[in-house]
Amino acid sequence: MQLSELEIIRREKLNQLRERGINPYPADLYPVNNTSKKIKENFEEGKKVVVAGRLMSRRIQGPASFAELQDADGRIQVYFNRDEICTGEDKSHYNDVYKKLLDIGDFIGIIGELFKTQVGEKTIMVKNFTLLSKALKPLPQPRVDAEGKVHDAFTDPEQRYRQRYADLVVNPHVKEIFVKRTKLFNAMRTFFNEHGYFEVETPVLQPIPGGAAARPFITHHNSLDIPLYMRIANELYLKRLIVGGFDGVYEFSKNFRNEGMDRTHNPEFTAMEIYVSYKDYNWMMDFCEQLLEFCAIQVNGTSKATFGEHQIDFKAPYPRVTMAESIKHFTGFDITGKTEDEIRKAAMDMKIPVDETMGKGKLIDEIFGEKCEGNYIQPTFITDYPKEMSPLCKEHRDNPELTERFELMVCGKEIANAYSELNDPIDQRERFEAQLKLADRGDDEATAFIDYDFLRALEYGMPPTSGMGIGMDRLIMFLTNNPSIQEVLFFPQMRPEKKKVEMTEDEKTVYTLLKANAPIALEELKTQSGLSNKKWDKAIKGLTASKVAKVEKTDEVLMVAVL
RNA sequence: GACCUGGUAGCUCAGUUGGUAGAGCACCUCCCUUUUAAGGAGGUGGUCCUGGGUUCGAGCCCCAGCCAGGUCACCA
């Protein structure tokens with residue numbers, strides 16, 4: 001491993017600490033009885049406190065020094081004074097251990113007394129300190145000046161995402177996003193639980209990946225010897241539980257989709273799905289707007305939120321617009337009662353790219369997506385979607401071409417999707433079969449599996465039910481003003497870092513020869529290398545194992561190639 | 001998948017027409033007992049993303065690749 005100068009210095013300090021009998025990684029608990037936040041809130045001159053955290057900055061002035069200690073709640077200033085810490089003749093605990101052997105990033109425990117400095121800053125006078133854990137890698141050190149401007153911020157997104165632990169240590173605003181994320185989940189749980197709904201867990205590994213149209217991740221179960229799929233949705237399992245007699249069930253579901261990644265898509269993401277019996281989608285709209293107003297207030301203390309240039313307000317109620325009204329409003333074209341051809345022509349007149357394979361539903365969706373969707377900045381329910389696009393949704397009670405479905409749009413993006421759930425088992429079977437036919441014809445958006453067990457469940461009878469899914473990542477993006485999903489996931493998916501191949505001396509010798517002569521017969525390479533049998537064997541195996549060279553059998557001889 | 005931008009010290013970034021690799025902070029040594037972007041003096045630190053090419057000479061120009069971000073397309 002190649003170490004930088006700074007890392008070497010810290011390792012040397014580690015050794016010096018051990019030579020002094022100081023364990024840099026002690027096992028015993030440290031009796032913390034305060035935090036930076038509590039100290040600042042309940043400040044009492046002279047009060048004794050025990051705190052622990054990371055040393056984050058230091059200003060040394062000879063025998064005195066100010067430093068900042070960072071714990072889970074924030075930072076507090078601490079004051080190290082040589083003669084307070086070293087009451088006897090031996091001043092080495094201050095002069096050597098504190099001044100020379102501690103570094104920014106080290107965890108220390110402090111026993112001290114509270115006081116205010118001459119400029120009025122609440123500070124801990126250190127009476128004794130203990131090294132709790134030594135940091136061997138230097139942290140980035142952003143600093144804030146008198147005007148509140150941040151200098152040397154740790155900003156490179158690649159490093160921040162790959163080393164989120166460092167990002168969280170030095171960027172308090174990043175930590176705040178994740179605090180809000182958890183507040184959002186807690187708020188939803190509270191809201192649902194207070195309504196008497198029941199949190200459940202359903203399978204992540206599914207024999208049939210149902211409930212949505214998306215490419216799944218496939219894995220294999222060894223002892224059953226069957227393929228299993230990471231769930232793309234949990235919808236069909238929650239409905240089985242409604243069949244089973246629960247009134248209302250919900251689950252925060254980590255879903256997995258084997259598709260592209262961009263600013264708003266991560267291969268794994270979190271959806272919340274809730275199903276409530278004896279309700280319809282009109283009830284669910286009321287419920288949804290109450291829920292989101294409550295969540296926004298729990299997270300931000302207000303129903304208002306800023307997203308980019310937009311001010312949005314989650315205060316209920318939200319406007320409800322049918323898809324037909326929306327299209328009429330933004331394009332002047334009324335889709336009601338129109339044939340597929342009429343709608344296709346209208347779409348072409350609007351310069352929307354269409355083709356012959358698109359059915360009526362798809363055409364309407366294209367028009368809406370192109371001309372309407374982006375206009376809804378404030379939370380707005382779009383209702384009554386065409387039937388073709390919603391194989392799990394009940395037909396509209398007043399119009400057989402539509403479904404009882406709504407999506408909630410915020411800043412032109414969908415954050416919730418809900419139905420009066422289809423509970424007619426015969427209708428459901430026919431819609432699955434229609435999907436299967438589409439899939440057989442090569443439509444990769446259609447679902448290629450029929451979940452017969454789910455149909456069996458419906459045949460036992462599912463009460464009228466309304467269900468809703470909310471994209472949790474997207475919602476927290478809106479509530480924290482982040483345009484990228486990576487900022488609201490602790491560990492967004494990244495391409496793996498490439499490991500530098502490190503070779504032994506023998507491997508290097510062989511590799512140099514190989515590079516100059518490849519492809520070359522194995523025996524010849526061995527002779528040229530001049531290595532003993534054992535050394536040769538180890539070197540060539542090392543090179544093939546680390547995938548820099550490859551041995552291939554051609555006719556009679558073994559050939560070695562460079563990769 | 002296409003295009004645009006970027007990759008230089010631990011961090012943030014300069015780098016002239018192609019001519020010995022730079023700054024601030026951090027770090028090391030020394031001074032400094034209520035500071036706060038502490039201060040003062042001196043110093044260390046580099047696979048310029050990787051591999052080729054052009055050239056007397058490449059951080060810079062050319063080609064190929066890797067990684068990231070963005071825009072678009074695709075996809076919910």
Side-chain angles (χ1 to χ4, degrees), chain A residues 2-10 12-13 56-68 75-85 91 94 99-100 103-105 115-125 135-163 166-167 169-171 211-215 232-233 255 257-267 269 271 353 365 369 373 389-390 407 413-415 417 444-445 469 471 473-474 483-484 486-487 492 494-501 515 562:
Chain A
Q2 198 66 33
L3 294 179
S4 70
E5 187 198 17
L6 299 183
E7 290 170 308
I8 292 165
I9 290 169
R10 289 193 180 209
E12 280 168 5
K13 291 181 180 182
M56 292 303 282
S57 72
R58 278 201 295 188
R59 299 174 285 277
I60 293 176
Q61 308 162 60
S65 168
F66 288 93
E68 280 178 298
R75 291 187 183 188
I76 181 86
Q77 178 165 270
V78 292
Y79 177 64
F80 288 82
N81 184 299
R82 184 188 62 202
D83 301 323
E84 295 284 344
I85 294 163
K91 303 296 182 188
Y94 178 84
K99 271 172 74 174
K100 295 202 193 302
D103 284 297
I104 303 299
F115 78 106
K116 275 189 189 169
T117 63
Q118 289 178 353
V119 283
E121 176 126 5
K122 293 167 182 169
T123 304
I124 305 171
M125 168 84 71
L136 294 183
K137 240 179 140 52
L139 285 166
Q141 291 183 58
R143 286 162 347 135
V144 182
D145 69 16
E147 284 97 58
K149 235 175 98 180
V150 180
H151 298 257
D152 304 326
F154 182 49
T155 51
D156 177 14
E158 178 169 4
Q159 294 204 70
R160 287 183 45 237
Y161 302 151
R162 288 194 196 280
Q163 304 184 41
D167 189 27
V169 171
V170 305
N171 286 326
R215 263 170 64 196
I232 56 174
N255 295 338
R257 297 188 181 176
N258 202 343
E259 290 171 351
M261 295 161 57
D262 62 28
R263 224 156 46 118
T264 54
H265 296 85
N266 194 65
F269 64 99
D365 192 54
E373 195 171 62
M389 326 219 33
S390 316
E407 290 193 355
K413 302 266 190 249
E414 171 217 333
I415 61 168
N417 181 21
D444 47 359
E445 281 185 46
D473 306 299
R474 220 167 259 189
S484 165
Q486 298 170 104
E487 293 291 346
M494 300 286 272
R495 205 177 283 273
E497 290 175 88
K498 239 198 330 205
K499 266 197 186 156
K500 278 268 161 72
V501 195
K515 227 174 136 186
V562 185

**OP:** Indicate, with a heavy-atom threshold strictly under 4.0 Å, whether A:Val170 touches base, sugar-phosphate, or nothing.
**Re:**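 No contact.
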Return a table of donor-acceptor pairs under 3.5 angstrom between the side chains of residues 136-146 of chain A and protein atoms on other chains or two or more places apart.
residue	atom	partner	partner atom	Å
A:Lys137	NZ	A:Glu7	OE2	2.9
A:Asp145	OD1	A:Glu147	N	2.9
A:Asp145	OD1	A:Gly148	N	3.0
A:Asp145	OD1	A:Lys149	N	2.8
A:Asp145	OD2	A:His151	NE2	2.7

Same-atom distance ([atom1]) from [N] to [M], integer angstrom:
N	M	atom1	answer
B:rG70	B:rU34	P	48 Å
B:rC61	B:rU17	C1'	12 Å
B:rG45	B:rG22	P	12 Å
B:rC4	B:rU47	C1'	28 Å
B:rU44	B:rU36	C1'	27 Å
B:rU54	B:rC62	P	15 Å
B:rC13	B:rG53	C1'	30 Å
B:rU20	B:rG59	C1'	13 Å

Can you measure [X] atom [atom1] to [N] atom [atom2] for me and round it to whole angstrom units?
X	N	atom1	atom2	answer
A:Glu259	B:rA73	CD	P	17 Å
A:Met56	B:rC27	CE	C1'	16 Å
A:Asp167	B:rC11	CG	C1'	13 Å
A:Lys99	B:rC30	NZ	P	8 Å
A:His151	B:rA38	NE2	P	10 Å

Original post:
What string of B, S and - do you get for nucleotides 5-10 of chain B, 5' to 3', when a contact is any protein heavy atom under 4.0 Å?
Top reply: -----B
**OP:** Ignoring the backbone of A:Arg263, work out which of B:rU33, B:rC28, B:rG70 is nearest its side chain.
**Re:**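 Of the options given, the side chain of A:Arg263 lies nearest B:rG70.
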Original post:
A:Gln61 has a side chain; which of B:rA37, B:rA38, B:rC11 sits nearest to it?
Top reply: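 Looking only at side-chain atoms, A:Gln61 lies closest to B:rA38.
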Subject >> Atom NZ of A:Lys99 with >12 non-hydrogen neighbours under 6.0 angstrom >> reply: yes
**OP:** List for me each residue that meets ring-ring contact (aromatic ring centres under 6.0 Å, His included) alongside A:Tyr79, sequence neighbours excluded, and say none if there are none.
**Re:** A:Phe66, A:Phe115
Original post:
Does A:Arg495 have a side-chain nitrogen or oxygen under 4.0 Å from the phosphate oxygens OP1 or OP2 of B:rC67?
Top reply: yes
Original post:
Do the side chain of A:Asp156 and the base of B:rG69 come within less than 3.5 angstrom through a donor-acceptor pair of N or O atoms?
Top reply: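 Between B:rG69 and A:Asp156, which were checked side chain against base, a qualifying N/O pair under 3.5 Å is absent.
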Original post:
Do A:Glu121 and B:rU36 have a side chain to base donor-acceptor pair shorter than 3.5 Å?
Top reply: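 Such a pair exists between side chain and base.
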